[in-house]
Amino acid sequence: MRREGRGGNLPPVVVRRRIEVRGIRTQARESAGERSSPACVPARKMLYYSAKTIAPRGRNLIAIVDYGAGNLGSVQKALAYLGAPHCVSADADTIRAADAVILPGVGAFGDAMGALRTRGLVESVQDFARSGKPFLGICLGYQVLFAASDESPDVAGLGLLPGTVRRIPAQCGDTTVKVPHMGWNSLRYPKKSALFGGVPDDAYVYFVHSYFVQAQDPAIIAATTDYSTRMDVAVAEGNLLGTQFHPEKSGKVGLQILRNFVELSTR
Amino acid sequence: MYAKRIIPCLDIKNGRVVKGTSFVGLRDAGDPVACARLYDEMDADELVLLDIMASHEGRGTMLDIVRQVAAQVFIPFTVGGGINRVADFTQMLRAGADKCSVNSAAVRSPQLIADAAEKFGSQCVVLAIDARRTQGSRAADTNYHPETPACIPAELLLDETSRYEVYLNGGRVPTGIDALRWAKYGVALGAGEILLTSMDADGQKDGYELPLTASISGAVSVPVIASGGAGKLEHFYDALTLGKADAVLAASLFHFGELTVSQVKDYLHERGLAARQAFNN
C-alpha cells in the first residue's frame with residue numbers, strides 16, 4: 001500500500017504481508033421473503049496489504065481496521081487529503097500500538113462481527129477502545145460498539161456502549177419514508193463534543209443505513225438527526241467516538257469532523 | 001431535516017468533460033477533476049460521471065479520473081457508462097466510486113443487478129432508465145420494431161395501460177418494456193436507486209417529466225433521481241414535489257452556468273424545501 005501523507009519525516013519501516021480479504025456477503029432474509037436491504041454496503045473482495053508498521057517517533061499513527069468491511073478506501077483518501085499519518089491494518093498488535101483507531105464498516109451487523117471474530121480482532125479492538133486512546137467507529141463500525149442489533153438478533157456486538165440498534169421504521173405517524181436512509185440530513189447536538197468543533201448547527205452529513213442506534217444513556221449522545229424517528233447518530237464517551245454518517249463522504253463538514261478526530265489523536 | 005439532493009452530471013468523452021467549455025472561472029473547463037472540485041465547492045450533493053463513449057480502450061482513462069476525483073472530492077459520486085459486468089463494478093468501486101449505474105447491460109441481462117447488489121450491496125447499484133412516452137402496447141404500429149431481450153419476463157412488456165417505455169442507446173432503440181414495471185423489477189432484484197431520464201423532456205428545458213417520475217417514485221421503496229428537462233428554477237421544485245423525486249440531476253444547465261447549484265438550493269429553500277447548504281472552513 002502506498003503510504004500517502006504529507007507528514008514530512010522519514011517514511012516508517014513497513015513489513016508487508018499480502019493477504020486476501022474475503023468479502024462479507026449480505027444474507028438475504030429469506031424468512032421475510034423479500035430482498036434484504038443491508039445496513040450498509042457489504043464488503044468487496046479486495047486485495048489489501050496489511051502493514052505492520054513501526055512508526056518513527058513523534059508520528060501519530062491512525063490505524064484503520066481492515067476486517068473486510070469495505071469502503072475503507074474513502075476513509076484512507078480523506079486522511080491522506082488531511083495529511084494525517086495512517087495505515088490500514090488487520091494486525092492485532094498494530095492496532096493496539098496505534099495512536100488512534102478508526103473502525104469503518106459497511107455490511108450487516110452479524111457479518112461484521114463474524115468478520116472481526118474470524119480475523120481475531122475483537123479483543124484488540126476492545127482493548128484499544130478501553131485504552132483511552134481516540135477511537136472512532138463509522139457507520140456499521142459505530143453500530144457494533146453497542147451490545148446487539150435487531151438486524152442480527154443472535155450476534156453480540158462489541159458491547160462497549162449500552163444501547164440497541166433497531167430497524168429504521170418506514171412509517172411514523174403520518175410520515176412515510178424510504179429505507180435505507182440514504183442522503184444528506186442535518187444534525188443537532190445535545191451536548192458539546194470535540195468531534196463537532198467548528199461544525200455549525202444544522203450541518204448536513206451523508207447517511208446510508210437501514211438500522212439506527214438508540215443509546216441507553218442520553219449523556220453519550222453527541223448528535224441526533226430526524227427521519228421517520230429521531231436517531232442517535234453520533235456518540236462521544238471519553239475516548240470512544242462514533243458516527244452513523246460517513247464523514248469521509250460529507251464534504252467540508254465531514255473533513256472538519258475527521259480533522260477534529262485527527263487532532264485528538266495528536267494530543 | 002432530510003434534504004433533497006441536487007446532482008450535476010459530467011458527460012465524459014476521451015477523458016474530457018463535454019459541454020464544459022462555458023464553465024465560468026475554470027482554467028481548463030474540460031478537466032473532469034477540476035469540474036468535480038468546482039461542483040463540490042458549489043455545494044453539489046453528489047456527482048454523476050458518465051462515460052459517454054464507454055469504450056474498452058477508454059476504460060483506463062475513466063478509472064484514472066475516478067481515482068483522482070475520489071482523492072480530492074469527498075461527496076458521493078456515481079459512475080455510469082459501459083458498466084456491463086460485475087467486474088466493472090469491482091474496478092470502479094475499487095478506484096473510489098461510491099455507486100455504479102447500469103442501463104442497457106441491465107436490460108439485456110437483469111441478473112447483473114442482482115449479482116452486483118449481492119456482492120456490493122444495493123446502494124452501490126443504480127438502475128438508470130431512459131423512458132419515452134408511449135400509448136399502450138403499440139401493437140398496431142407497423143413501424144414499431146422493439147428489441148426485447150430474451151430474459152425479460154413477459155409481465156414487464158407493454159400493455160394497454162402502459163404510459164412509458166424503456167429505451168436503449170440514448171433513447172433511440174425501443175425495447176417493448178414498460179418503464180414502471182421495469183423499475184419495480186429492478187428494485188426487487190436489488191437496485192438501490194433509480195436514475196430516471198425522460199428522453200422526451202431531455203434537452204427541451206421545459207421541465208422534468210412529472211407523471212413519469214411520480215408514478216415510479218410512488219411505486220418503489222428506493223430513492224428516485226429525476227433527469228431530463230430542467231430549464232428553470234421552478235422545474236427543480238416541481239420535480240421534487242409533484243414529481244415526488246428524491247433528487248434531481250442536471251447537466252448542461254449547470255455546465256453552461258445558466259443556473260448554479262446554489263441558486264437552485266436558495267430557491268428550494270425559499271419555497272420551503274430542505275436543501276443542504278455547506279459552510280466554508
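All chains are named by letter (A, B, ...) in the order of the sequence lines, taking the proteins before the strands, and each is independently numbered beginning at 1. Bear in mind that the values here come from a model prediction, so they are computed numbers and not experimental data.
Looking at Val86(B), neither its backbone nor its side chain comes within 4.5 Å of chain A, counting heavy atoms on both sides. Looking at Ala95(B), only its backbone comes within 4.5 Å of chain A, counting heavy atoms on both sides. For Thr225(A), no part lies under 4.5 angstrom from a heavy atom of chain B. With a threshold of 4.5 angstrom between heavy atoms, Ala247(B) does not approach chain A through any atom at all.
Pairs passing the salt bridge (Lys or Arg N to Asp or Glu O under 4.0 Å) check and including a residue from residues 217-228 of chain B, sequence neighbours excluded, do not occur.
Of all the listed residues (Gly192(B), Gly96(B), Ala3(B)), the one sharing the greatest number of non-hydrogen pairs under 4.5 Å with chain A is Ala3(B).
One N or O on the side chain of Ser186(A) and one on the backbone of Met1(B) form a donor-acceptor pair closer than 3.5 Å. The backbone N or O of Pro104(A) sits less than 3.5 Å from a side-chain atom of Tyr67(A), completing a donor-acceptor pair.
Residues passing the side chain to side chain donor-acceptor pair (under 3.5 Å) test with Ser109(B), sequence neighbours excluded: none.
Ion pairing between Glu193(B) and Lys99(B) holds under the 4.0 Å rule for side-chain N and carboxylate O.
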